[in-house]
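Report on one structure; see the data block that follows.
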Amino acid sequence: VRIPAHAYLVNNGHYLNPSSEIATGLTHVRIKTVPADQVEFLAIEAQPGNSDISVPPGEQRTVAASFDPPEDVAVLLMTSHMHRHGKLFQVWSVIDGQKNLIYETTQYDAPPLAIFSGTDGEQPPLVLRKGRGDHLEFECTHQNDDLSETLVYGPFADTNEMCIMPIYYVTNPDGLL
């Protein structure tokens, strides 16, 4: 991932403390740099999502979104981002017209990473070809089981929801394979 000189990096940790006791949150970030002449592939981040979330009290709703690659890409990593009313996150690859479930989680607070590196037993890079219409589709299911107001998109993990699929990919996937 390219980070411009003098850029600020924000580590936006999300914490929910449902107890009456004081809690302390802590995050760590390790950043390794490499000289520009040693970079083989530049990872690009995307965060497709759907902010049209509206779940009345006592109801469950599902929203959908997609990632349509800007050109041929190889997806290296993906995960999900929902808040505490998020009950299910699913991702399907649609490659050469074939739709397959490739990621599913019910964990909003510590969602797993799907790694497509082809190393250490991981799946190989997930190649999406723009010319044949390859893309990713995803859905988030939210349950408003404890609020007296409609659950909507927003930044507060306790009273709002999100449906975002953070992914990292590289262009020129043939050079990676």
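These figures come from a predicted structure and were not determined experimentally.
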Phe67: what forms a ring-ring contact (aromatic ring centres under 6.0 Å, His included) with it, not counting sequence neighbours?
->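 With sequence neighbours excluded, Phe67 shows a ring-ring contact (aromatic ring centres under 6.0 Å, His included) to Tyr169, given in chain and number order.
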Please list, chain by chain and in numerical order, all residues satisfying ring-ring contact (aromatic ring centres under 6.0 Å, His included) with Tyr108, sequence neighbours excluded.
->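 Scan of Tyr108 (ring-ring contact (aromatic ring centres under 6.0 Å, His included), adjacent residues dropped) gives none.
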Can you name the closest pair of heavy atoms from [X] and [Y] and give their distance?
X      : Y      : result
Phe156 : His83  : O-ND1, 3.6 Å
Lys99  : Glu137 : NZ-OE1, 2.9 Å
Tyr153 : Ile164 : OH-CD1, 4.1 Å
His142 : Cys163 : CE1-CB, 4.2 Å
Leu101 : Val91  : CD1-O, 3.4 Å

Under-4.0 Å salt bridge between Asp72 and Lys130 = no
Asp145 and Arg84 ion-paired at < 4.0 Å = no
Would you say [X]'s side chain and [Y]'s backbone share a donor-acceptor pair under 3.5 angstrom?
X      : Y      : value
Ser66  : Asp68  : no
Asp134 : Arg129 : yes
Glu139 : Thr62  : no
Ser93  : Ile95  : no
Glu104 : Leu88  : no

How is the hydrophobic cluster of Val152 composed, in terms of its other members, when Ile, Leu, Val, Met, Phe, Trp and Tyr link through side-chain heavy atoms under 4.5 Å apart, directly or indirectly?
-> none
Distance-only donor-acceptor pairs under 3.5 Å for side chains of residues 26-47, two or more places apart:
residue, atom, partner, partner atom, Å
Thr27, OG1, Asn11, ND2, 2.6
Glu45, OE2, Gln47, NE2, 2.7

Side chain to side chain contact (heavy atoms under 4.5 Å, CB included) evaluation trace for Asp146 with His85 = CA-CA 9 Å; Asp146 65 346; His85 292 92; 2.7 Å; yes
Can you name the residues that form a salt bridge (charged side-chain N to carboxylate O under 4.0 Å, His left out) with Asp109, not counting sequence neighbours?
-> none
Are Thr79 and Tyr103 close enough that some pair of their side-chain heavy atoms sits under 4.5 Å apart?
-> yes
Among all residues two or more places apart in sequence or in another chain, which pass the side-chain hydrogen bond (donor to acceptor under 3.5 Å, both in side chains) test with Ser54?
-> none
Would a hydrophobic clustering, with Ile, Leu, Val, Met, Phe, Trp and Tyr connected at side-chain separations under 4.5 Å, put Val94 with Phe138?
->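 No: no chain of side-chain contacts under 4.5 Å links Val94 to Phe138.
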